**Q** 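Below you'll find the structure I mean.
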Amino acid sequence: MSTPAYIVVLNCGSSSIKFGVFETTGGGRRPAWNGKVQGIGGPSPDFGASTLPVHSVDLGTEHPYAVALQIIRDAVLRWLDGRPIAAVAHRVVHGGAKYVAPTRVGAQVLADLKALVPLAPLHQPFALEAIAILLRERPELPQIACFDTAFHHTLPPVEQLLPLPHALTERGLRRYGFHGLSYEYMAVTLAERHGEAAQGRTLVAHLGSGASLCAMRGLASQATTMGFSALDGLMMGTRTGALDPGAVLYLMEVEKLTLEQVGHILYHESGLLGVSGLSSDPRVLLAREAGEPRAALALQLYVRRIVREIGALSAVLGGLDLLVFTAGIGEHSAVLRQRICAELGWLGVDIDAPANAADAPLISTATSCVRVAVEPTNEEWIAACHAQRLLDATALAFS
């Protein structure tokens with residue numbers, strides 16, 4: 001029996017790296033091994049309960065991300081114990097207009113993707129740093145970029161447009177959409193779990209530190225709340241979501257803030273953190289809302305923005321058959337799901353309180369006009385599948 005090869009998936013964020021190791025020979029949707037590092041760049045990075053051989057380590061202040069990647073690489077190689085790596089797949093947030101399918105990364109592709117960093121500054125640089133390091137150290141190892149924007153290539157032309165001069169549209173200023181690997185997994189698992197019911201008017205709420213909604217028909221993207229950048233749409237942990245552009249002009253013209261200062265506010269100081277003045281974590285705000293008016297107000301605005309966008313996308317779909325919550329908040333916050341659904345009675349949404357409290361896969365009542373579900377996402381498996389398909393296609397081409 002031959003030794004199985006593995007695909008390593010890296011999901012790099014601004015302060016965290018998640019990884020999964022998947023067998024190439026039908027190992028299923030769960031990784032053979034996985035883990036994460038959180039708090040990179042902070043005083044106490046967290047390497048997970050028992051996933052990695054260290055629980056806490058000083059990553060230094062000069063290149064903490066590179067050190068964290070090195071620790072993960074060494075740990076993965078020890079775990080593999082000589083078993084081969086067939087490829088490394090990366091979640092890359094932005095592929096721009098050029099990259100609408102998983103792509104093997106070489107020097108030119110890497111250069112193209114670096115040009116998109118301003119559109120996704122919280123994520124793009126860190127995925128590309130990991131790719132660049134591996135290109136230097138293991139140039140023969142296939143690296144596959146899997147783009148969060150790619151799932152939304154089915155958006156109708158009217159949904160891609162920004163109301164800007166045509167010359168700017170021609171230069172790439174358009175709506176792209178994000179969280180595509182998560183939505184792609186939803187398209188797979190919802191078809192299996194809900195069958196024909198998922199093929200109609202489906203709305204998926206990816207609610208995590210970043211958040212967006214995706215309206216699907218036939219499980220293909222028809223509209224989404226994020227647009228040109230990952231700042232658009234819903235209010236998030238530290239990001240504004242949709243914002244009157246006049247407010248940005250005001251900050252620069254009247255408050256005399258620099259471009260960098262404004263960017264820092266929009267990406268890092270706004271959202272739940274900015275409104276509450278306390279935390280970007282809804283769990284913290286829920287625990288303190290009774291005694292902290294700003295915490296309560298932040299949560300109210302968070303729910304209001306989600307409800308408003310659900311209404312807008314339901315109008316685009318012409319109604320709603322299936323509403324799905326996913327990602328960290330969507331999967332685990334029964335309180336916020338209840339508050340959101342309580343505002344959707346006009347759509348015929350009715351949830352079962354005990355099922356919702358238990359994070360059950362189906363939380364709507366039997367009489368609800370809209371089926372409401374909770375579904376864990378699995379971006380890493382989707383990336384591994386894309387890498388496997390590219391490897392298989394390459395092998396076929398040379399057979």
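Since the structure is predicted, the reported quantities are computational estimates derived from the model, not experimental observations.
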**Q** Checking side-chain contact (heavy atoms from CB on, under 4.5 Å) for the pair Leu391/Ile7: CA distance, chi angles, key distance, verdict?
**A** CA-CA 10 Å; Leu391 290 174; Ile7 293 170; 4.3 Å; yes
**Q** Identify the heavy atoms of Thr225 and Leu213 that sit nearest to each other, and give their distance.
**A** OG1-N, 2.9 Å
**Q** Taking atom NE2 of His386 and atom CZ of Arg91, what is their separation to the nearest 0.5 Å?
**A** 13.0 Å
**Q** State, yes or no, whether a side-chain contact exists between Tyr302 and Leu207 at a heavy-atom distance under 4.5 Å.
**A** yes
**Q** Tell me if a side-chain donor or acceptor on Arg239 pairs with a main-chain N or O of Gly271 at a distance below 3.5 Å.
**A** no
**Q** Calculate, to the nearest 0.5 Å, the distance between atoms CG and CZ belonging to Asp74 and Arg78 respectively.
**A** 5.5 Å
**Q** Judged by atom type as modelled, is there a donor-acceptor pair below 3.5 Å linking the side chain of Arg337 to the main-chain atoms of Glu331?
**A** yes
**Q** Just wondering, are more than 12 heavy atoms of other shown residues or ligands nearer than 6.0 Å to CZ in Arg389?
**A** yes
**Q** Donor-acceptor check, side chain of Ser364 to backbone of Arg371, threshold 3.5 angstrom: yes or no?
**A** no
**Q** Say whether Leu77 and Leu135 are linked into one hydrophobic cluster, either directly or through other cluster members, by side-chain heavy-atom distances under 4.5 angstrom.
**A** no
**Q** Is the backbone of Leu119 close enough, under 3.5 Å, to the side chain of Ser229 for a donor and an acceptor to pair up by distance?
**A** no
**Q** Supply the atom-to-atom distance Glu269 CD to Leu273 CG, rounded to the nearest 0.5 angstrom.
**A** 7.5 Å
**Q** Tell me the closest heavy-atom pair linking Ala223 and Leu313, and the distance in Å.
**A** CB-CD2, 3.7 Å
**Q** State whether the side chain of Ser279 and the backbone N or O of Leu285 hold a donor-acceptor pair below 3.5 Å, judged by distance alone.
**A** no
**Q** Would you find a donor on one side and an acceptor on the other, under 3.5 Å apart, between the side chain of Thr365 and the backbone of Ser368?
**A** yes
**Q** If you group Ile, Leu, Val, Met, Phe, Trp and Tyr by side-chain heavy-atom gaps below 4.5 Å, do Leu297 and Val303 land in one group?
**A** no
**Q** Between Met235 and Arg304, is there a side-chain heavy-atom distance shorter than 4.5 Å?
**A** no
**Q** Quick one: are Val188 and Arg29 in side-chain contact, heavy atoms under 4.5 Å?
**A** yes
**Q** Just so I know, are the side chains of Trp79 and Tyr6 near enough to count as touching, which here means a heavy-atom distance under 4.5 Å?
**A** yes
**Q** Is any side-chain heavy atom of Glu159 closer than 4.5 Å to a side-chain heavy atom of Arg175?
**A** yes
**Q** Could you tell me whether the side chain of Leu286 reaches within less than 4.5 Å of the side chain of Glu289, counting heavy atoms only?
**A** yes
**Q** Could you tell me if the side chain of Ile340 sits less than 4.5 Å from the side chain of Val307, heavy atoms only?
**A** yes
**Q** Under 3.5 Å, is there a donor-acceptor pair linking the side chains of Tyr185 and Thr326?
**A** no
**Q** Give me the atom names and distance for the closest heavy-atom approach of Ala89 to Ala387.
**A** CB-CB, 3.9 Å
**Q** Quick one: pull up SG in Cys341 and CD1 in Ile310 and give me the separation to the nearest 0.5 Å.
**A** 7.0 Å
**Q** Mind checking whether Leu80 and Leu10 sit in one hydrophobic cluster, side chains of I, L, V, M, F, W, Y counted as touching below 4.5 Å?
**A** yes
**Q** Start with the C-alpha distance between Asn34 and Lys18, add both sets of side-chain angles, then the distance that settles side-chain contact (heavy atoms from CB on, under 4.5 Å), and finish with yes or no.
**A** CA-CA 8 Å; Asn34 69 325; Lys18 292 190 289 185; over 6 Å; no
**Q** Quick one: are the ring centres of Phe178 and His94 less than 6.0 Å apart?
**A** yes
**Q** Are the side chain of Gln160 and the backbone N or O of Leu155 linked by a donor-acceptor pair below 3.5 Å?
**A** yes
**Q** Taking atom CD of Glu137 as the centre, report whether more than 12 heavy atoms of other residues, nucleotides or ligands fall under 6.0 Å from it.
**A** yes
**Q** Quick one about Ser182 and Thr377 (side-chain donor to acceptor, distance below 3.5 Å, no hydrogens or angles considered), yes or no?
**A** yes
**Q** Apply side-chain contact (heavy atoms from CB on, under 4.5 Å) to Val370 and Leu203, showing your working.
**A** CA-CA 10 Å; Val370 177; Leu203 186 57; over 6 Å; no
**Q** Looking only at atom types and distance, does a side-chain atom of Asn356 sit under 3.5 Å from a main-chain N or O of Ala334, one as donor and one as acceptor?
**A** yes
**Q** Does Leu234 share a hydrophobic cluster with Leu272, counting links as ILVMFWY side-chain heavy atoms below 4.5 Å and allowing steps through other members?
**A** yes
**Q** Looking at Pro118 and Tyr267, what are the two nearest heavy atoms and their distance?
**A** O-OH, 4.3 Å
**Q** Show, in sequence, the C-alpha distance, side-chain angles and deciding distance for Asp321 and Gln199, and conclude whether the side-chain contact (heavy atoms from CB on, under 4.5 Å) test is met.
**A** CA-CA 9 Å; Asp321 301 311; Gln199 299 295 328; over 6 Å; no
**Q** Between Val316 and Met226, is there shared hydrophobic-cluster membership here, with clusters defined by ILVMFWY side-chain heavy atoms closer than 4.5 Å?
**A** no
**Q** Nearest 0.5 Å, please: how far is CD in Gln124 from CZ in Phe147?
**A** 8.0 Å
**Q** Between Tyr99 and Leu113, is any pair of side-chain heavy atoms under 4.5 Å apart?
**A** yes
**Q** Taking the side chain from Ser314 and the backbone from Leu320, do they hold a donor-acceptor pair closer than 3.5 Å?
**A** no
**Q** Taking all atoms of both residues into account, what is the closest heavy-atom pair of Met186 and Glu375, and its distance?
**A** CE-O, 3.7 Å
**Q** Could you check whether any side-chain N or O of His152 sits under 3.5 Å from a backbone N or O of Thr149, counting only pairs where one atom can act as donor and the other as acceptor?
**A** no
**Q** Rounded to the nearest 0.5 Å, what separates atom CG in Leu181 from atom CD in Glu380?
**A** 9.0 Å
**Q** Which of these, Asp148, Ile131, Thr103, Val109, sits in a side-chain contact (heavy atoms from CB on, under 4.5 Å) with Val92?
**A** Ile131
**Q** Considering all heavy atoms of both residues, which atom of Arg294 and which atom of Gly274 are nearest to each other, and what is their separation?
**A** NH2-O, 3.5 Å
